[in-house]
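Take a look at the structure below.
The figures that follow rest on heavy atoms only: side chains count, while hydrogens, waters and symmetry mates do not. Numbering of ligands and ligand atoms starts at 1, following listing order.
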Amino acid sequence: MTHDFQAWLERLRNGDARTLARAISTVENRTPGWADLLKAAFPQTGHARILGLTGAPGAGKSTLVDQLAKHYRKENRTVGIIAVDPTSPYTGGAILGDRIRMQDHFSDPGIYIRSMATRGSLGGLARTTADVTTVLDASGRDLIMIETVGVGQDEVDIVRLADITVVILVPGMGDDVQSIKAGIMEIADIFAINKSDREGADRVEREIRALQSLAIRSDHWTPPIVKTIASDGTGVADLVTAISEYEVYLQKENLVLQHNIENWRERLIEMLRDALLDKAREQMGDGSIARYAAEVAAHKRDPYTLVEEIVGKLGNIT
Ligand SMILES: Nc1nc2c(ncn2[C@@H]2O[C@H](COP(=O)(O)OP(=O)(O)OP(=O)(O)O)[C@@H](O)[C@H]2O)c(=O)[nH]1
Ligand SMILES: [Mg+2]
């Protein structure tokens, strides 16, 4: 299958939603030609601001993303939303929920929502999300919001993509702040305490402040804490303000480029690892790994020499 990628990109740039959907599917499913599409798309990326929103299941991420999207649409900024749902890929309510949300915005081509229910996704969840972000960026979206459940390494990797990360907490989750502090505290540029209509929002705020006092960020930014009630829109304007203040800070301190360099460092290593592994597999042929494994297990071969040999041959087969 071949595509005229330049024609695709032209249509993408013009905001054609069907082309966007097809391009994203191509990348997500690793349909032949996906890499060429990304190569062609890359030069026209770098425009979008990427906002990551992460928090426990049911924290109100989607509701908050919706509110933010509405706000930014009023400012005439185009929005792309990626809802990453690694936990419930086949039957999860989130997918259905996002379909319903999609209908909400159906009449507005300025909002594009995509669910990525991709456990076991072909290119790895974080990488696929990054590639889908690239396509959305190339389509000229001003703002891309990535919604992800804040749990594992995958999510941290996904969040690293974002220029700005909002961590969403909710009252009444007991030791939640404590339990998530390790990974998530470090990545938060802004905290939103959603469901502030519930009891305990002040306590969550105090807990965050206490944790913040223990660790100063290397960029000296102190993440602001914003209370929101996403379901009725309370505090959304404050969140928007906090986001744009951090944006100003990023620009003033010239941190966007630095952040991008760090992100690409990780991504390039990952891409190289994947590509080299593919090449090694290609060179060894089907079933070789199993055969080698059997030989090593039976002590007929030592694995160290074996790997050296395989890697040594890679240079000869460009
Ligand atoms: N009381 C209250 N309910 C809220 C608030 N924000 C969201 N909700 C409700 O909480 C439920 C979950 O909201 P979602 O936006 O789907 O949460 P989510 O974090 O996207 O959930 P997952 O994607 O499944 O992890 C919905 O029933 C919302 O209406 C809030 O501020 N206060
Ligand atoms: Mg959601």
Side-chain angles (χ1 to χ4, degrees), residues 50-73 79-105 111-119 121 125-126 129 132-133 136 143-156 158-159 161-162 165-174 176-177 179-180 183-184 187-188 190-205 208 224-243:
I50 303 170
L51 189 62
L53 297 103
T54 188
K61 297 178 294 295
S62 299
T63 316
L64 209 48
V65 164
D66 263 13
Q67 293 280 4
L68 289 172
K70 279 188 193 133
H71 178 95
Y72 289 119
R73 286 304 293 141
V79 175
I81 297 167
I82 307 172
V84 183
D85 178 21
T87 47
S88 53
Y90 304 115
T91 56
I95 304 165
L96 187 62
D98 289 327
R99 290 248 166 84
I100 291 163
R101 288 163 66 202
M102 219 169 321
Q103 285 171 359
D104 233 21
H105 300 296
I111 295 186
Y112 182 85
I113 301 177
R114 181 75 167 211
S115 276
M116 301 241 316
T118 48
R119 179 164 52 191
S121 89
L125 187 57
T129 307
V132 169
T133 305
L136 276 169
L143 191 82
I144 299 169
M145 291 193 257
I146 306 175
E147 170 192 334
T148 145
V149 176
V151 277
Q153 182 59 42
D154 253 348
E155 286 70 46
V156 174
I158 291 165
V159 160
L161 269 179
T165 299
V166 179
V167 167
I168 300 164
L169 299 170
V170 290
M173 288 192 124
D176 217 45
V177 175
S179 63
I180 66 163
I184 295 295
I187 58 172
I190 295 160
F191 288 99
I193 305 175
N194 191 43
K195 306 200 182 182
S196 282
D197 50 323
R198 289 188 183 171
E199 215 170 302
D202 290 330
R203 202 189 122 200
V204 177
E205 184 173 1
I208 300 169
I225 304 166
V226 182
K227 291 197 187 108
T228 57
I229 306 172
S231 44
D232 73 6
T234 304
V236 172
D238 295 336
L239 182 56
V240 167
T241 304
I243 291 167

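Residue-ligand proximity, Ile229 to ligand 1, at heavy-atom distances under 4.0 Å covers atoms 30 (C), 31 (O), 32 (N). Residue contact check: Thr63 has heavy atoms under 4.0 Å from atoms 7 (C), 13 (O), 14 (P), 15 (O), 28 (C) of ligand 1. The ligand atoms of ligand 1 that sit less than 4.0 angstrom from a heavy atom of Ser231 are 2 (C), 3 (N), 4 (C), 5 (C), 6 (N), 30 (C), 31 (O), 32 (N). The contact set between ligand 1 and Pro57, taken as ligand atoms under 4.0 Å from a residue heavy atom, comprises 25 (O). Counting atoms of ligand 1 from 1 in the listed order, those under 4.0 Å from a heavy atom of Ala230 are 6 (N), 30 (C), 31 (O).
Here Asp197 has side-chain heavy atoms under 4.0 Å from ligand 1, and that is the only part of it that gets that close. Heavy atoms of Glu147 found under 4.0 angstrom from ligand 1 belong exclusively to the side chain.
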task = Report the C-alpha separation of Tyr72 and Val240 in whole Å, then their side-chain angles, then the decisive distance to 0.1 Å, and conclude whether the side chain to side chain contact (heavy atoms under 4.5 Å, CB included) test is met.
result = CA-CA 9 Å; Tyr72 289 119; Val240 167; 4.2 Å; yes

message = Determine whether Ile111 and Ile81 satisfy the following criterion, side chain to side chain contact (heavy atoms under 4.5 Å, CB included), listing intermediate values before the conclusion.
response = CA-CA 8 Å; Ile111 295 186; Ile81 297 167; 4.3 Å; yes

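Using a distance-only test at 3.5 Å, with no hydrogens or angles considered, no donor-acceptor pair links the side chain of Thr165 to the main chain of Gly52. Under the 3.5 Å distance criterion, the side-chain polar atoms of Lys195 are left unmatched by any main-chain donor or acceptor of Ala201.
Contact check for Val166 versus Leu68: no side-chain heavy atoms found under the 4.5 Å cut-off.
Note: an N/O pair closer than 3.5 Å links Gly58 and ligand 1 by distance alone. Considering backbone and side-chain N/O of Ala59, one or more are found under 3.5 Å from N/O of ligand 1. Below 3.5 Å of separation, one finds no N or O of Ser196 facing any N or O of ligand 1. Taking only nitrogen or oxygen atoms, main chain and side chain alike, Lys61 reaches within less than 3.5 Å of ligand 1. Here's the thing with Gly60: one of its N/O atoms is less than 3.5 angstrom from an N/O atom of ligand 1.
Residues that satisfy the salt bridge (charged side-chain N to carboxylate O under 4.0 Å, His left out) test with Arg73, not counting sequence neighbours, are Asp108. Partners of Asp202 by salt bridge (charged side-chain N to carboxylate O under 4.0 Å, His left out), not counting sequence neighbours, listed by chain and number: Lys227.
Rounding to the nearest 0.5 Å gives a distance of 6.5 Å between CG of Leu64 and CG of Leu53. Rounding to the nearest 0.5 angstrom, the gap separating the CD atom in Gln67 from the CG atom in Asn194 is 9.5 Å.
The nearest N, O or S atom of Ser62 is closer to the Mg ion (ligand 2) than 2.8 Å.
Taking the N/O/S atoms of Glu147 in turn, the shortest distance to the Mg ion (ligand 2) belongs to OE2.
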